[in-house]
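Some notes on the structure that comes next.
Atoms within a ligand are numbered from 1 in the order they appear, just like the ligands themselves.
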Amino acid sequence: MRLPFIFVTGACRSALRLQQRQFLSPFPALRKPQSIFALRFMSTQLCKDDRSFYITTPIFYVNASPHLGHLYSAVIADCLHRYKALQGFNSKFATGTDEHGLKIQQAAEAAGKDPLTFCTEVSERFKHLFSSCSISYTDYIRTTQQRHRQAVEHFWSELQSKGLIYKGSYEGWYSTQDESFLMPSQVGDSLDSSGKEIKVSLESGHKVEWMKEENYMFRLSVFRTQLLDWLRGNPRAVQPERFHQAVLQWLQEDLPDLSVSRQRSRLQWGISVPGDAEQTIYVWLDALVNYLTVAGYPDKHDQWWHVAHHVIGKDILKFHAIYWPAFLLGAGLPLPQVIHVHSHWTVEGKKMSKSLGNVVDPLERSQMFTTDGMRYFLLRQGVPDSDCDYTDDKVMKLLNAELADTLGGLLNRCTAPALNPTQVYPSFCPQSFPTEQGGRAVVEDYHMLDAVKVLPAVVEMHFENLNVYKALEAISACVRQTNGFVQRHTPWKLDRRDSKDQRWLDTVIHVSLECLRIYGTLLQPIVPEISDRLLSRLGVRPSERSWAALNFLPRYAGMDCPFEGRALGSDSGVLFSRLESQKGDKQKPKKTKKSANLK
Ligand code: ME8
């Protein structure tokens with residue numbers, strides 16, 4: 001007897017639990033000896049009963065317009081935010097712009113604008129890109145906002161009151177482009193565009209300068225052991241694994257104290273050190289606190305702060321996995337649950353850069369390939385572990401194959417009036433597709449049902465790890481299986497005058513629409529507009545699109561199906577139009593015949 005399949009619910013969720021570990025300050029010389037603070041950090045696992053979720057992107061520098069990499073981080077975070085909301089979480093999603101620091105000060109000067117006007121203009125460009133690309137942030141933060149200044153000042157005062165900040169003198173290399181201090185071992189020789197010898201950061205290639213000035217230092221060195229303990233005790237704190245290992249490796253080396261201010265005479269564009277107008281707070285300390293600002297720090301951050309997840313690019317790992325946790329430990333705050341790191345997009349194997357003239361404009365591309373098309377491409381091809389190369393041709397081929405032909409083709413076939421003249425969700429016939437073989441279904445059909453039944457759990461597992469490309473690989477494989485199912489049974493060849501054939505035809509279409517319903521529901525975080533069109537065409541109401549509604553083919557398990565007999569949605573338009581190569585390698589959507597796949 002073939003049993004109705006078992007639904008593997010929340011495979012990963014069952015493993016999620018909250019752990020709390022108590023830590024004592026490693027730093028005995030606290031200014032207030034009685035305030036030996038208990039430093040806590042949370043596990044990287046999500047608390048099972050907690051229905052709050054908080055996801056962030058980096059806040060982006062406003063020295064230049066947004067590029068493809070910025071959109072990529074935003075799309076990843078948006079996908080996780082939408083997925084959590086579908087699961088019934090109260091999800092907060094923050095993005096925004098990083099507007100202080102020398103780099104911005106210089107960019108505004110070069111543009112001949114006052115810094116705030118300059119920042120507002122570029123920040124608006126990011127905002128425009130994000131709203132054009134369905135980035136459903138719930139908070140857009142700018143570090144020039146008053147609420148942020150208050151949060152940074154409070155945070156600074158907390159660190160200071162715990163004796164973690166002292167006045168010192170910093171001498172060493174600084175990269176304005178990265179707004180980063182470097183050890184001598186991180187610096188190498190290079191030539192600038194005029195052939196002059198310069199020093200550069202070995203990691204980013206950006207020019208560095210020798211800097212010597214009086215400023216405030218943070219006792220980063222005392223947190224080395226705690227950071228190691230945190231990472232070892234929470235192996236999923238930094239994902240993917242290779243980045244976790246990279247941080248552990250960095251922590252094997254010396255961890256000097258960190259300069260956390262600049263002299264006002266050199267840097268005016270920033271937040272002053274509380275009580276010392278001659279010093280400006282280091283832009284990275286300022287910027288990292290944005291995550292707390294959005295959470296409601298300093299008064300009401302608890303609900304969000306203990307469920308914080310950061311999405312970042314690999315270039316800013318050290319700031320997020322060393323400096324930020326150390327600052328948080330210093331301030332007595334929990335650490336982020338997970339730091340999700342992704343690799344970079346390159347163009348023809350090269351880093352995107354203004355000087356190389358190879359920066360991919362995400363707004364232009366999303367107009368060319370549609371917003372959902374770009375989202376799908378980035379999430380389907382982007383592998384967090386390794387860099388990916390971008391070409392327009394790849395986008396076109398992928399979208400035509402997977403969205404236009406396979407998914408769009410399947411929907412066309414199963415809803416076309418030629419096969420479905422009454423335009424309703426047809427009935428399932430248990431005799432034609434029994435739980436034991438003997439009906440008209442063949443062994444491959446049962447394999448397909450098994451695959452689609454477990455698909456939500458597979459997708460959930462990959463979303464939780466932010467391996468969205470794996471989720472899309474799994475969905476895509478199932479879509480192909482369903483196409484194969486329809487192709488195998490050629491429903492257009494069945495004789496509708498024969499009642500058995502009619503029942504089998506209805507069953508084939510019913511099963512296919514059920515598959516499409518599952519794909520449409522699971523694809524919502526990735527391609528919200530396409531999913532909406534697909535689900536609307538199937539007659540699935542907005543209240544029936546959550547994760548909880550993912551109950552595949554209930555009729556096969558002897559239960560009622562709420563969709564059976566329901567009218568299909570009236571919009572029978574093309575799900576995704578095929579893209580055609582244009583002159584100059586530009587692509588544009590092309591109208592396709594709706595029934596291209598029908599005989
Ligand atoms: O670093 N591929 O801002 P930023 C993929 N303001 N992602 C890329 C990318 C690429 N080629 N290039 C950039 C800053 N990114 C700071 C952050 S957070 C408190 C402060 C993405 O404008 C990626 O997420 O230089 C990277 O980490 C981020 O943009 C850097 O943006």
Mind checking whether [X] and [Y] have parallel, tilted or perpendicular rings, split at 30° and 60°?
X	Y	result
F319	Y323	perpendicular
F327	W324	perpendicular
H310	W305	tilted

Among all protein heavy atoms, pick the one closest to [atom] and tell me residue, atom and distance.
atom	result
atom 17 (C) of ligand 1	I59 O, 3.1 Å
atom 21 (C) of ligand 1	S73 OG, 3.5 Å
atom 30 (C) of ligand 1	D315 OD2, 3.6 Å
atom 4 (P) of ligand 1	Y61 CD1, 3.7 Å
atom 5 (C) of ligand 1	G69 CA, 3.5 Å
atom 1 (O) of ligand 1	I316 CG2, 3.4 Å

So, is [X] polar-close to ligand 1, with some N/O to N/O distance under 3.5 Å?
X	answer
K103	no
D98	yes
W345	yes
F60	no
S343	no
H70	yes

Next on the checklist: Using the side-chain contact (heavy atoms from CB on, under 4.5 Å) definition, which of the options L378, V75, L71 pairs with P362?
Outcome noted: L71

Checklist entry - ring pair (Phe, Tyr, Trp, His ring centres under 6.0 Å) with F377: which of Y469, W345, Y72? => result W345

Item to check | Sole residue of W269, W284, Y61 in ring pair (Phe, Tyr, Trp, His ring centres under 6.0 Å) with H100 | outcome: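 Exactly one candidate clears the test, W269.
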
Atoms of ligand 1 less than 4.0 Å from [X] heavy atoms?
X	value
P58	18 (S), 24 (O)
H320	18 (S), 19 (C)
G313	23 (C), 24 (O), 26 (C), 27 (O)

Where [X] and [Y] come nearest, the two heavy atoms and their spacing:
X	Y	answer
D78	S134	OD2-O, 3.2 Å
F463	A471	CE2-CB, 3.7 Å
F118	V62	CE2-O, 3.4 Å

[X] heavy atom under 4.0 Å from ligand 1:
X	value
E179	no
F319	no
K351	no

Next on the checklist: Ring centroids only, cut at 6.0 angstrom: are F243 and H320 within range, meaning strictly under it?
Outcome noted: no

Below 4.0 Å, non-hydrogen atoms only: which portion of [X] touches ligand 1? Side chain, backbone, both or neither.
X	result
N290	side chain
H67	side chain
H342	side chain
Y291	side chain

Checklist entry - Are S91 and H81 close enough that a side-chain donor and a side-chain acceptor fall under 3.5 Å? => result yes

Checklist entry - With no hydrogens and no angle check, do the side chains of S204 and D178 hold a donor and an acceptor under 3.5 Å apart? => result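 Result is yes, a qualifying pair exists.
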
Item to check | Pair E253-R224, salt bridge (Lys or Arg N to Asp or Glu O under 4.0 Å): steps then yes or no | outcome: CA-CA 10 Å; E253 290 156 26; R224 190 166 159 267; over 6 Å; no

